[in-house]
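What follows is one structure encoded as structure tokens, with my remarks underneath.
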Amino acid sequence: MALELTLILETELPIPFTVADGAGIEKGTLLTMSDPMTAAGCTTDNAIIAGVAAEEKIANDGNTKLAVYRGGIFKATIGAAGCTVGDALISDCNTGDPNEIVVADDSSENILGTALETATDLQTALIELKPFGRKIA
């Protein structure tokens, strides 16, 4: 898979999320979250992030649970104008690159983590995965 997130340091154990039996999800996929505690591959900018798939989910295999990392240090591909160490990050999944990550702006919600390295457009950088969810108005 292009642009997968690669686990570098496990800081938290993965936890089970519900997934659709018909879904095929590759290890390292950035996942969105819906109610109730359900994960799916990210296809939306600034999505509510469940985490990163810790294992592969084969479509129609009868499994409806998937191990998901909600914390850890990952190598990720940074899009748009790149990032600077310390930047808050969000998903940029509807550009045809389902695992691309970009810097959050002042109006962004659904922070997925923090840049631990500086990178330019389409370079990889270490990030700390720590989904935050929606900001409080």
Side-chain angles (χ1 to χ4, degrees):
M1 167 181 43
L3 308 183
E4 69 267 9
L5 282 82
T6 304
L7 180 66
I8 302 299
L9 180 64
E10 184 180 65
T11 61
E12 298 178 18
L13 294 174
I15 58 173
F17 270 72
T18 300
V19 292
D21 177 38
I25 301 171
E26 293 187 53
K27 180 179 179 178
T29 298
L30 188 62
L31 303 168
T32 61
M33 179 169 52
S34 61
D35 189 40
M37 202 172 165
T38 301
C42 184
T43 58
T44 308
D45 289 353
N46 201 20
I48 300 170
I49 299 299
V52 174
E55 60 192 6
E56 182 178 6
K57 163 66 177 83
I58 298 169
N60 301 311
D61 63 356
N63 291 322
T64 58
K65 292 291 181 184
L66 179 68
V68 176
Y69 283 111
R70 297 226 357 118
I73 308 301
F74 288 82
K75 184 169 287 267
T77 301
I78 308 299
C83 68
T84 301
V85 65
D87 282 343
L89 304 169
I90 60 172
S91 66
D92 188 33
C93 297
N94 76 356
T95 61
D97 298 318
N99 291 321
E100 193 170 346
I101 293 170
V102 295
V103 174
D105 61 28
D106 290 342
S107 64
S108 296
E109 297 182 336
N110 308 318
I111 304 300
L112 67 85
T114 305
L116 300 178
E117 295 181 322
T118 297
T120 59
D121 185 24
L122 297 180
Q123 278 190 325
T124 59
L126 292 178
I127 69 161
E128 178 182 21
L129 176 70
K130 197 59 97 170
F132 180 76
R134 294 196 169 119
K135 65 182 177 183
I136 299 171

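Residue numbers count from 1 along this sequence. Everything numeric in this text was worked out from a predicted model, so none of it was measured.
Atom CG of residue Leu112 and atom CD1 of residue Ile127 lie 5.5 Å apart, to the nearest 0.5 angstrom. Atoms CG and OG1, from Asn99 and Thr6 in turn, are 9.5 Å apart once rounded to the nearest 0.5 Å. With rounding to the nearest 0.5 angstrom, the SG atom of Cys93 is 9.5 Å from the CG atom of Leu31.
By the side-chain contact (heavy atoms from CB on, under 4.5 Å) test, Thr18 pairs with Thr38, Lys65, sequence neighbours left out. Listed by chain and residue number, Lys75, Thr77 satisfy the side-chain contact (heavy atoms from CB on, under 4.5 Å) test with Thr124 (two or more places apart in sequence, or in another chain). The side chain to side chain donor-acceptor pair (under 3.5 Å) check on Asp61 picks up Lys57, Asn63, with sequence neighbours excluded. Residues satisfying the side-chain contact (heavy atoms from CB on, under 4.5 Å) criterion with Asp35, sequence neighbours excluded, are absent altogether. Partners of Glu117 according to the side chain to side chain donor-acceptor pair (under 3.5 Å) rule, which considers only residues two or more places apart in sequence or in another chain, do not exist here. Applying the side chain to side chain donor-acceptor pair (under 3.5 Å) criterion to Asn60, with sequence neighbours excluded, gives no partner residue. In this structure Ala20 satisfies the side-chain contact (heavy atoms from CB on, under 4.5 Å) test together with Ala23, sequence neighbours excluded. In this structure, Glu56 has no side chain to side chain donor-acceptor pair (under 3.5 Å) partners at least two apart in sequence or on a different chain.
A side-chain donor-acceptor contact under 3.5 Å links Thr120 and Gln123.
No continuous path of hydrophobic side-chain contacts links Leu116 to Val102 [ILVMFWY only; heavy atoms under 4.5 Å]. With hydrophobic clusters built from ILVMFWY side chains whose heavy atoms lie under 4.5 angstrom apart, Ile78 does not share a cluster with Leu126. The hydrophobic clustering, which links ILVMFWY residues whose side-chain heavy atoms are closer than 4.5 Å, places Val52 and Ile73 apart. Note: the hydrophobic cluster containing Val19 does not contain Ile58 (ILVMFWY, side chain heavy atoms under 4.5 Å, direct or indirect links).
Within the structure, ring-ring contact (aromatic ring centres under 6.0 Å, His included) contacts touching residues 46-87 (residues at least two apart or in different chains) are Tyr69-Phe74. Residue pairs meeting the salt bridge (charged side-chain N to carboxylate O under 4.0 Å, His left out) criterion with at least one member in residues 9-18, sequence neighbours excluded, are Glu12-Lys130. Sequence neighbours left out, not one pair with a member in residues 14-52 passes ring-ring contact (aromatic ring centres under 6.0 Å, His included).
A heavy-atom distance below 4.5 Å is found between the side chains of Met37 and Ile15. In this structure, Leu5 and Leu129 have side chains that are not in contact, with every pair of non-hydrogen atoms separated by 4.5 Å or more.
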Under 3.5 Å, sequence neighbours excluded: what are the donor-acceptor pairs made by side chains of residues 84-91?
unit_1, atom_1, unit_2, atom_2, d
Asp87, OD2, Thr84, N, 2.7
Ser91, OG, Thr44, O, 3.0
Ser91, OG, Asn46, N, 3.0
Ser91, OG, Ala47, N, 2.9

- Stepwise side chain to side chain contact (heavy atoms under 4.5 Å, CB included) test for Ile49 and Leu30: CA-CA 8 Å; Ile49 299 299; Leu30 188 62; 4.0 Å; yes
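With hydrogens and angles disregarded, no donor-acceptor distance shorter than 3.5 Å links the side chain of Asp92 to the backbone of Glu100. Put simply, the side chain of Asp21 gets close to the backbone of Gly62: a donor and an acceptor are under 3.5 Å apart. Side chain of Asp121 to backbone of Ala81: no donor-acceptor contact under 3.5 angstrom is found. Using modelled atom types, no side-chain atom of Arg70 and backbone atom of Pro14 make a donor-acceptor pair closer than 3.5 Å.
In this structure, Val103 and Cys83 approach most closely via the heavy-atom pair CG2-CB, 3.5 Å.
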